[in-house]
S.K.: 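Dropping the structure in here first, questions after.
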Amino acid sequence: MYGIAEIVEREYSDCGFSAAGVVPFDLLDEECERFRRWLASGYGAGMGYLERSAGYRHDLRRLFPQVRSVVVTLTSYRRTEAVGQPDGVPRIARFAWGADYHDVLKRNLRRLLDAIRRYDGYEAVGGRPVVDSAPAFERAWAVRAGLGWIGRSSMLVHPEIGSMTLIGLLLSDAPLSGRFVAPEPLPNGCGACRRCVEACPTGAIVAPHTVDAGRCIAYQTVERSGPVEEGVRPFLGGRIFGCDRCMEVCPYNNREEMPAMPERAGLEAVAERLGITAEQWRAMTPEEFTTRFAGSPLLRAGLEKLKSSL
């Protein structure tokens with residue numbers, strides 16, 4: 001009979017993922033302490049929900065009490081060079097070019113759970129899909145699963161896929177087999193490279209692996225309640241939702257023949273959303289926005305916030 005790690009290795013690609021690994025459940029106490037120190041330094045900006053979950057993010061049993069193993073998946077959202085925004089239009093981060101990845105990843109994780117249940121001995125396995133909207137240290141789990149290291153920018157970097165990836169977790173009550181061998185941690189491949197630090201428009205990467213969210217354009221244009229702060233506006237550079245700059249300069253995202261987004265990922269870019277000019281944004285009505293961006297991550301920010309960044 002196959003073990004769950006072997007099943008995941010056989011099935012993850014057909015479910016729309018770029019890579020996957022399996023690790024036993026454990027408490028991430030060290031990550032919890034690092035997170036508390038980061039918050040105490042004031043780097044969480046206005047994201048109060050991070051403070052509220054700081055005491056239990058390390059324990060996945062809060063999300064799925066029966067968890068015994070954790071399936072970690074990566075999905076690349078890197079598209080081919082033929083897909084992109086025209087020059088001169090307001091910039092949208094690549095992760096938001098298609099459908100809301102929270103919904104898409106959860107659907108693909110359920111597909112993976114269904115695939116696991118088709119194997120002998122796993123018909124009744126239970127599980128819960130988890131993405132970054134839930135209180136979990138998903139990057140730390142990806143490191144444990146041998147899927148990359150935390151780069152200087154604090155992003156997860158996979159040696160073959162790069163950092164333009166989305167992390168999904170499938171919390172499972174399936175035990176790991178006695179022959180299971182834990183993945184080897186990958187060495188940090190950043191070396192002395194500081195391209196992400198030097199390229200950040202606002203200097204938000206304040207130390208290795210440490211981002212001051214208050215300075216980060218992605219936080220300011222997506223997460224922050226209200227318009228972008230005046231001190232950050234001069235650095236937007238045409239960005240109205242998110243910022244890819246630290247990833248654009250990363251050598252691991254700029255190698256020849258890099259794998260693109262999996263065919264079955266379900267994150268295809270919606271072309272008619274990519275070429276909207278600043279004038280068209282300013283003239284857009286709330287009704288048009290809701291219709292045009294149905295199922296898009298941009299709905300989270302709202303039209304008025306997007307317009308305020310122009």
S.K.: Between W141 and V157, is there shared hydrophobic-cluster membership here, with clusters defined by ILVMFWY side-chain heavy atoms closer than 4.5 Å?
M.R.: no
S.K.: Let's go through L267 and L166 carefully: what are the C-alpha distance in whole Å and the side-chain angles of both, what is the deciding distance for side-chain contact (heavy atoms from CB on, under 4.5 Å) to 0.1 Å, and is it a yes or a no?
M.R.: CA-CA 11 Å; L267 292 167; L166 303 166; 3.7 Å; yes
S.K.: Testing the basics here: between A54 and C32, what is the closest heavy-atom pair and its distance to 0.1 Å?
M.R.: O-SG, 3.5 Å
S.K.: Please enumerate all residues that pass salt bridge (Lys or Arg N to Asp or Glu O under 4.0 Å) together with E138, with sequence neighbours excluded.
M.R.: none
S.K.: If Ile, Leu, Val, Met, Phe, Trp and Tyr residues are connected whenever their side-chain heavy atoms lie under 4.5 Å apart, and connections chain through other members, are M164 and W97 in the same group?
M.R.: yes
S.K.: Flag the pair E198 and R152 as a salt bridge only when some basic side-chain nitrogen lies within less than 4.0 angstrom of an acidic carboxylate oxygen.
M.R.: no
S.K.: Run the ring-ring contact (aromatic ring centres under 6.0 Å, His included) test against Y119 and tell me which residues pass, sequence neighbours left out.
M.R.: Y2
S.K.: Roughly how far apart are R292 CZ and T285 OG1, rounded to 0.5 Å?
M.R.: 10.5 Å
S.K.: Let's go through F25 and R61 carefully: what are the C-alpha distance in whole Å and the side-chain angles of both, what is the deciding distance for side-chain contact (heavy atoms from CB on, under 4.5 Å) to 0.1 Å, and is it a yes or a no?
M.R.: CA-CA 9 Å; F25 164 71; R61 292 175 298 186; 3.7 Å; yes
S.K.: Are L310 and I276 linked, directly or through intermediate hydrophobic residues, by side-chain heavy-atom contacts shorter than 4.5 Å (ILVMFWY only)?
M.R.: yes
S.K.: Test of understanding: clusters of I, L, V, M, F, W, Y form through side-chain heavy atoms closer than 4.5 Å, transitively. Do V72 and I150 belong to the same one?
M.R.: yes
S.K.: Sort and list the pairs that fulfil side-chain hydrogen bond (donor to acceptor under 3.5 Å, both in side chains) and have at least one residue in residues 157-175, not counting sequence neighbours.
M.R.: S163-N253
S.K.: So which pairs with a foot in residues 38-52 pass side-chain hydrogen bond (donor to acceptor under 3.5 Å, both in side chains), sequence neighbours left out?
M.R.: Y49-E223
S.K.: Should F137 and L60 be counted in the same cluster of Ile, Leu, Val, Met, Phe, Trp and Tyr side chains packed under 4.5 Å apart?
M.R.: yes
S.K.: Who pairs with F180 by ring-ring contact (aromatic ring centres under 6.0 Å, His included), at least two apart in sequence or on another chain?
M.R.: none
S.K.: Check D26 with R144, please: is the shortest side-chain N to carboxylate O separation under 4.0 Å?
M.R.: yes
S.K.: Return each pair, listed once, that meets ring-ring contact (aromatic ring centres under 6.0 Å, His included) where at least one residue sits in residues 265-310; pairs must be two or more places apart or across chains.
M.R.: W281-F293, F289-F293
